[in-house]
Asker: 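Please see the structure below; I have some questions.
Heads up: numbering here begins at 1 and tracks the sequence. For ligands, and for the atoms within them, numbers begin at 1 and follow the listed sequence. Because only heavy atoms are used, hydrogens play no part in the values below, and waters and symmetry mates are left out as well, while side chains stay in.
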Amino acid sequence: MDKHMSYLQKHPAITRSRVNNFMSDNQWKDVNIQATLYDMCISGEPHIKLEVWSAPGQDRPSFEHAVKQEFRPAKVGQSFGPSWTTHWFRVTAKVPASFVGKPAQFLIDTNSEAMVWSAAGEPIIGLTGGGGVERHIDYLLTPCATEHEEPLLFYVEMACNGLFGNGDYHKHPQDRDIYYRLNSANIVAPNKDAWALFHDMEVISEMANHLSQDSPRSWQALTAANDIVNVFEYSDLSTIAPAKKIAEAFLDIQGSSANHRVYAIGNCHIDTAWLWPYAETKRKSARSWATQLYLMDSYPEYRFAASQAQQFEWLHENYPSLFERIKEKTKTGQFIPIGGTWVEMDCNIPSGESLVRQFLLGQRFFKQHFGEYCNVFWLPDTFGYSSQLPQIIKQAGAKYFFTQKLSWNNINKFPHTTFQWVGLDGSHVLTHMAPAETYGAQCRPGELIDSVKRHKDIAYTNESLYLFGNGDGGGGPLRSMLERLRRMKDVDGLPKVKQAHPQEFYVHVEENSKQLVTWKGELYFELHRGTYTSQSNNKLWNRQSEFKLRDAEMLCTIAHMRPHCRDKFEYPIDEFVRLWKLVCLNQFHDVVPGSSINMVYRDSDKMYRDIFETVSKIRDRAVVSIYGGAVTNQMGQATSLAVFNTTGWMRTDIVTVPEPLVPLFFCENSPVSEHVQVSELDGSVFVLAPNVPGFGSRVITPHGTSHAEYIQPMQVYECSNGEGFVLENHFVRVVVDKSGRIVNYYDHSERRELVPEGAAGNVFELYDDVPLFWDAWDIEIYALEKYRTLDGVSVMIADKGPLVASLSVRIPISHKSVLTQTISLSAISPRLDFDCNLEWHESRKCLKTSFTWDITSDFATYETQFGVVQRPTHRNTSWDMAKFEVCAHKFADLSEYGYGVTLLNDCKYGYSTLGNTMSLSLIRAPKAPDEFCDMGHHKFCYAVYPHKGTFSESNVVQEAYQFNIPLVHLPLDSESTSCADAPPFFSLTGAPNVVLDTVKVAEDDKNSYIVRMYEAYGGRGHALLTSRLPATSVCKVNLLEKPVGSNLQWLPHSKTVEVQLKPFEVVSLKFSI
Ligand SMILES: [Zn+2]
């Protein structure tokens, strides 16, 4: 009887601990396997000479610049900093004669991220010091040392940050004053056999720990591990061989052909900015990917995927030789560019067109540099998935979708792993969420076992994807992971593992799976609901960039394509590409959601400034070209005002003209007609712009025709009972009480009161906003339990008509924060606008405004990209309850049969509707990872828009566009121009539910232009599109602007083409000259 075995069976937990201690770098390391991993270790001079040069400030100089500097002596034990500084080490290492016949490694632990460079300036390998699973400190000097090794010269670029920036991001903002100690710099000779046994033991001991403890294989693993510990003697290296034999006998037993199959793929999720600025990401990609190339040479079976065209473009610019080496490895199939988008973007906040540009820019980059479009849309880490993604993915040349974030849901477990995701328009995409529930797996047996246990569709498909490698801050797979993976390739007790291109997995599923389940509509992420609101100025600028670029592209296309144009206008395609890249970059899944450090937002501020300045110059050039010589910069010479409407429908609106134009509209200090009004608030002038055609213009003259038919009497006055104020026009009568709340909203034509008795709208609620863990990310459900309503308001009359009447409202929030608001009603609409100026200095508070309406509906309708999504207004189930805060774009609508009310916004995204109360989250005050998040001044608008009919019978989508896109106006020195009198450049008739969203010149053909439209309400559309711009043929194209199907019938005489659209379908047309 084997006495070891009997002990083991009675005390398996003790044996497991014994085995773990045998592996561990703990107090037993001088007598366990750790003691045998290195045969030799030397440090210090004369074998190692260290010199350093510290770059000034936060500069990140190039290799060429750094090596020319004056280096000073350095030694182990010194500290370098502060945070974000860079220090270059010049290392001279001489492998001593005692290493002959052995491999020699250089181990350097800077406690931070670092890159090893060859003396010739080639980036070789990225390092990460310190402890933890990310630790990677070795660089191979020679695989086999000879007797007379020459001294080796190389450089180490030390970045004073860890993989996760500087500091504990969950709890605190970044620490600007961290110093990193150079822990070690040694030459070592690793013992290959000891390392091999070490990796065997890692696999065997973890199988013993993670396999079901009543399975024979678990006992076999524990027995084998225990036997190895018994055989091994640290002071006698000859015991490694018999120990290894025991390991091999266990690992050589293969699994059954019916076993689950795992397709493993290395990756290093690199957040394009998060706890570090963009500038550091450029180095992170280089470090992480250089390491992977290094490993690929030793592990031919190794497959590694990397996404985000932006990171590749940075590499191409800053590390051209590394980029070329990657290109070589893409040809052998080891390095796999993946994803298809510019960055791994947020999918809640970017507009439909922004999602299109993410793919257009991304796929074009991948095709240009790597020869192919990406088939797999790769988005492991984002905070919610728009229901339009399946259609966009398919139209962008991809077929498959990978993610995993829904495994973080904090209320309901998502029920599927491999499924058909069906989008808003019915498009299907084969979707997979890695059942290991991570994109940073460590190649451990426990994770593979979880891949089977947590696979929720194993009845239909017996395979899964498995993403391994350190991530978020990059890093990627390490040698030890590849060693373990080799051992786990086919071993009884674990799934079979194959390293493969993810596409191979999807093709295999497609070909071999029984009918997969489907999931219809959005993949709502039940966490990080605060990211609809955090960093609100960033969100405002993203929204404005999207619309400013839309207008500029449309006007430039018209200017460029306009027939018989005297001065040919050159469409600035390269500039638009550059600007869209900036917009797309800042839509990265930690930037626009608001979860990055302060440095990131200071960078994005600069980029948005660049976007606004450049777009405004481009737009002005286009407008001057369209209107010819009539445009004037000399305000005093202006005789009329041209108003251009970039929306697709006739529009009557009020434009606010700047001060220099004021004299044009006034005669001896009095308005020249009733369609002009000076604002009491800032002296600007409201001018009525009636019936401006869609995609066309109208010239307004101060002494032109009267527009009295548009100006119904309107008034503002204090209530006779002194309890509030009345704003009233032809459409509605609104009563605002002394607290600034809307207590009556009466629709004259429908004879209907919208506010229930005793209820109110524009009620400000200040919530305690203290999440469980992720500060900038999360609003938690319990926040709704604790709030106070703001009072102490003052209200006074401001503008008195005839065009605009308004009230000025002041709402103190605390002794530091105050909201001032202008509530205004114009003569032309039932819409009530709320223009807000907020001074905000709170901590962990969330400010919401809420409106209660006399409307009964089980669901509310929220705008999403190219469409709407309906969500419940009740909390019947836990799935309904989880949606206590949801994302919407320009509006959310609550309608019942016959009538509805919409809450519009110009830059907010966080809504919630419970029963008949709809709320809009205005601002938050998280303190990590950015301690200054949202502190300071904010300007934003929202509006209430009542309408007849349900949402689908309304014109809410059009109203929301108008609320976000002011009419373009400019002074002319002539009252008529050829442009002003001509018909619109485009018109879309026959389908009021179809919205023409984008007009641009085609990417590869400046003699063609693209028109993109979508069905916005969920019905069929049979539209007739007329274009006054030249065309000889029209065809339907996908989002990459490649033709799909045959040409449409273009009628050159009427210049029209008929287009059929299905519910929520996005259609792009290419017009060629
Ligand atoms: Zn991420």
Asker: Check for a donor-acceptor pair, side chain of Q388 on one end and backbone N or O of F866 on the other, with a separation under 3.5 Å.
Answerer: yes
Asker: Quick one: is the NZ or CZ of K367 closer than 6.0 Å to the six-membered ring centre of Y373, and within 45° of its axis?
Answerer: yes
Asker: Going by salt bridge (charged side-chain N to carboxylate O under 4.0 Å, His left out), name the pairs with one or both residues in residues 308-317, residues two or more places apart or in two chains.
Answerer: E313-K581
Asker: Distance below 2.8 Å from the Zn ion (ligand 1): how many protein N/O/S atoms qualify?
Answerer: 4
Asker: If the condition is side-chain contact (heavy atoms from CB on, under 4.5 Å), which residues does C347 pass it with, not counting sequence neighbours?
Answerer: M345, L379, L389
Asker: Could you list all the salt bridge (charged side-chain N to carboxylate O under 4.0 Å, His left out) pairs where at least one residue sits in residues 522-534, not counting sequence neighbours?
Answerer: E522-R871
Asker: Less than 4.5 Å apart, side chain to side chain, heavy atoms only: is that true for T403 and Y385?
Answerer: yes
